[in-house]
**Student:** 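Sharing a structure here in structure tokens format.
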Amino acid sequence: MFDRRMDGILMTSLPDVDVLVVGAGPSGTTLAVDLARRGHTVRVVDRAEAAFDGSRAKGVQPRTLEVFGDLGVLSDVVEGGDTYPLMGIHLGPLTIPFRMIKNSTPSDAIPHPNTWLIPQSRTVDALHRRLAEAGVEVESGTEFRSLSHHEDHVRVVLHRDGADSAVHARYLVGADGGSSAVRRSQDIMFEGTTDEADRMIIADVDTRGLSRRRWHIWPALGGRFTGACPLPNSEAFQWMIRLRESDEPSLDHDRVVSLIRERVGRSVSLGDIHWTSLFRPNIRLAQRYRQGRVFLVGDAAHVHPPAGAQGLNTGVQDAYNLGWKLAQVLDGAPDELLDSYENERRPIAAHVLGLSSAKYRGIGTLDPKAAKRGDDEKQLLLTYRNGPLCLTSEATTTLHAGDRAPDASLTYADGSPVRLFDLLRGGDFTLITYASSIDRAPGTSRWSATGAGLRVVAVDPVRGVDVPGITGVRDVGGNFATSYGVSRETAFLVRPDGYLAGVTTGDAASMVESARRRMAGGEDEAVRPLGGALS
């Protein structure tokens, strides 16, 4: 609650909206989708008059594909893209094939193992459609002007159609890019460097005369290269032209075409240019991610060189980490839960900045190690181990608290198949018990009546349990036991964002109670049995 004065009368009312998101790119829209599906009011504003219509960040990593699966946009993203092609390195008359990204077969633990090639505009379109399904439309042509902090809300001034208006929100999230007006309004330092001498033109150009089965690279001295990556389901390639000091950095159509033909020859037919940008490598990290009720996500918090497909993915996962925490606090969880956002995500961004910077330095060289993309880029191995939300110190042979929860192929008691990720989908907490006597000696725990719920999934090596309120599944093939590294009674508590809050072979009820106190909100209520030696 907060106070307003109207005609000299002090009035008490609720904020206009739970969360105001400034910026409708991948990060901001991911956050808004997550909040909207949890029943919270959210507005998304963007100063651009229309959605971005270029390729820009074109690689979606496996961990992000898992996030999109939970949010309900995976099918659209898969339909709009493809796997990465072989690289073709042009050396005079020779073209040397090289696989920059190794494609893998889906496994029980990793259902989406490959980086997905899709123009950023299509990723954003999929997220915008999902947001609209939740009843929220992006407010284009709306610019953030200023904000003021109050005890239980922020007052934000927006500008649209020549007029200012005020919005009162419980929280504000800046997802407005590397030049973030939200970040600058809070005097948050954006530490790092910008190399003004290193310039690259990026352009989406309709192109014929090049094989679409290759990502083409023409290396040159000093790392000044030209590249052309085919964009799926179109005639366009994303061209990357790393300029010499003497090159004119013009984005004029004729100048871009002239540069391409100068670099690669005149056998290539160039048509319409759909989008162009002049890039200078920015390597920057926000000094902090939170100021009171204001948070930063995506490029507003960190900017990356265009190598390794890390920027968009790190931003989406920022939003996925913050979304459930904001929702929990709005539903009554302790405010300290929100401090874990920066504690968990800023070290990840620092690590990823180092990775993408090293990859960028290797672009244009013939060093295979510099060009290769591997497990580090896929972001499946990123972990919050030893972080503020890790409830236990126990571990299995493969997993610790803070790690990503793997997928697994399971069956119901009647033999019908089910994926573990299908059981985790929906944004609740999930207690997974393995080989427990949960159906024979049930105990009880307590959970919040508001916010994300608590589900119980009982995994048995041979048979499925049949207890009301518990999903019983069988691990007949041992896929779960292998991925989760277990051979005896063990319990895992999975957070709403798919990371493990705790692992225990002992008192599961105490682990759940600890999570309730730190991460749940509202009033307590008795809920499902947790059971057996693990209760």
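Position 1 is the first residue of the sequence, and the numbers go up from there.
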**Student:** Cationic tip of R47 within the cone over F144's six-membered ring, i.e. under 6.0 Å and within 45° of the normal?
**Tutor:** no
**Student:** Is the closest side-chain donor-acceptor distance between D18 and T41 under 3.5 Å?
**Tutor:** yes
**Student:** Hey, is the main chain of R488 close enough, under 3.5 Å, to the side chain of T490 for a donor-acceptor pair?
**Tutor:** yes
**Student:** Where the side chain of D176 meets the backbone of A181, is there a donor-acceptor pair that is under 3.5 Å apart?
**Tutor:** yes
**Student:** Is R474 salt-bridged to D460, cutoff N-O under 4.0 Å?
**Tutor:** no
**Student:** Going from OG on S510 to CG on L391, what distance comes out if it is rounded to the nearest 0.5 angstrom?
**Tutor:** 11.0 Å
**Student:** Show your working on side-chain contact (heavy atoms from CB on, under 4.5 Å) between Q120 and S55 and close with a plain yes or no.
**Tutor:** CA-CA 5 Å; Q120 179 175 322; S55 59; over 6 Å; no
**Student:** Answer yes or no: is there a donor N or O on one side and an acceptor on the other, between the side chain of T482 and the main chain of G478, under 3.5 Å?
**Tutor:** yes
**Student:** Could you pull out the closest heavy-atom pair between D16 and A166, with the gap in Å?
**Tutor:** OD2-O, 4.2 Å
**Student:** Considering only NZ, NE, NH1 and NH2 on the basic side and carboxylate oxygens on the acidic side, decide whether K325 and D318 come within less than 4.0 Å.
**Tutor:** no
**Student:** Determine whether a donor-acceptor pair (N or O, by modelled atom type, separation under 3.5 Å) exists between the side chain of R290 and the backbone of G292.
**Tutor:** yes
**Student:** Do you know the tightest heavy-atom contact between V329 and P334?
**Tutor:** CG2-O, 3.5 Å
**Student:** To the nearest 0.5 Å, how far apart are CG in L382 and OH in Y499?
**Tutor:** 6.0 Å
**Student:** Quick one: does any side-chain atom of T398 pair with a main-chain N or O of G485 as donor and acceptor, under 3.5 Å?
**Tutor:** yes
**Student:** Are any of the side-chain nitrogens in R404 or E66 under 4.0 Å away from the carboxylate oxygens of its partner?
**Tutor:** yes
**Student:** Would you say the side chain of P106 lies within less than 4.5 Å of the side chain of P111, judging by non-hydrogen atoms?
**Tutor:** no
**Student:** Does the side chain of Q328 pick up a donor-acceptor pair with the side chain of T450 at under 3.5 Å?
**Tutor:** no
**Student:** Determine whether L431 and V457 make a side-chain contact, defined as any pair of heavy atoms from C-beta on separated by less than 4.5 Å.
**Tutor:** no
**Student:** Using side chain to side chain donor-acceptor pair (under 3.5 Å) as the criterion, point out the one residue from D497, D428, D34 that pairs with W324.
**Tutor:** D497
**Student:** Would a distance-only check, ignoring hydrogens and angles, find a side-chain to backbone donor-acceptor pair under 3.5 Å from W116 to G59?
**Tutor:** no
**Student:** Which distance, rounded to the nearest 0.5 Å, do you find between the OG1 of T430 and the CZ of R455?
**Tutor:** 4.0 Å
**Student:** When you measure from the side chain of D475 to the backbone of F480, do you find a donor-acceptor pair of N or O atoms at a distance under 3.5 Å?
**Tutor:** yes
**Student:** Between R155 (side chain only) and S148 (backbone N and O only), is there a donor and an acceptor less than 3.5 Å apart?
**Tutor:** no
**Student:** Any chance you could lay out the side-chain contact (heavy atoms from CB on, under 4.5 Å) test for V173 and V22, step after step, and finish with the verdict?
**Tutor:** CA-CA 6 Å; V173 177; V22 179; over 6 Å; no
**Student:** Do the side chains of E342 and R288 get close enough for a salt bridge, i.e. N-O under 4.0 angstrom?
**Tutor:** no
**Student:** Between D422 and R425, does any side-chain N to carboxylate O distance fall below 4.0 Å?
**Tutor:** yes
**Student:** Do you see a donor-acceptor pair shorter than 3.5 Å between the side chains of H153 and R170?
**Tutor:** no
**Student:** Please determine whether a side-chain nitrogen of the Lys or Arg among R37 and D70 lies less than 4.0 Å from a carboxylate oxygen of the Asp or Glu.
**Tutor:** yes
**Student:** Salt bridge check: are R129 and E133 linked by an N-O gap of less than 4.0 Å?
**Tutor:** no
**Student:** Determine, step by step, whether R345 and Y289 satisfy the side-chain contact (heavy atoms from CB on, under 4.5 Å) criterion, reporting the C-alpha distance in whole Å, the side-chain angles of both residues, the deciding distance to 0.1 Å, and the verdict.
**Tutor:** CA-CA 9 Å; R345 292 304 303 172; Y289 281 21; 4.0 Å; yes
**Student:** Check L420, V456, L493 against I432 for a side-chain contact (heavy atoms from CB on, under 4.5 Å) and give me the one that passes.
**Tutor:** L420
**Student:** Are H400 and T383 packed together at the side-chain level, in the sense that at least one heavy-atom pair is separated by less than 4.5 angstrom?
**Tutor:** no
**Student:** Testing the 3.5 Å rule here: is there a donor-acceptor pair between the side chains of T64 and Q379?
**Tutor:** no
**Student:** What is the minimum heavy-atom distance between A51 and H128, and which atoms define it?
**Tutor:** CB-CE1, 4.2 Å
**Student:** Do F492 and T396 make a side-chain contact, defined as non-hydrogen atoms from C-beta onward lying under 4.5 Å apart?
**Tutor:** yes
**Student:** Check the side chains of D331 and H40 for a donor-acceptor pair under 3.5 angstrom, ignoring hydrogens and angles.
**Tutor:** yes
**Student:** Can you tell which of L296, V156, I188 makes a side-chain contact (heavy atoms from CB on, under 4.5 Å) with V182?
**Tutor:** L296
**Student:** Using 4.0 Å as the upper bound for N to carboxylate O, is an ion pair formed by E344 and R495?
**Tutor:** yes
**Student:** Can you measure from OG (S340) to CG (L389) and round to the nearest 0.5 angstrom?
**Tutor:** 4.0 Å
**Student:** If we ignore angles and hydrogens, is there a donor and acceptor under 3.5 Å between the side chains of E394 and T505?
**Tutor:** yes
**Student:** For salt bridge (Lys or Arg N to Asp or Glu O under 4.0 Å), just list the numbers for E139 and R43, CA-CA rounded to whole Å, side-chain angles, deciding distance to a tenth of an Å, and then say yes or no.
**Tutor:** CA-CA 8 Å; E139 300 173 41; R43 286 180 63 183; 2.6 Å; yes
**Student:** Without hydrogens or angle criteria, can the side chains of T83 and N114 be said to hold a donor-acceptor pair below 3.5 Å?
**Tutor:** no
**Student:** For atom CD of E151, decide whether the heavy atoms of other residues, nucleotides or ligands shown that lie under 6.0 angstrom number more than 12.
**Tutor:** no
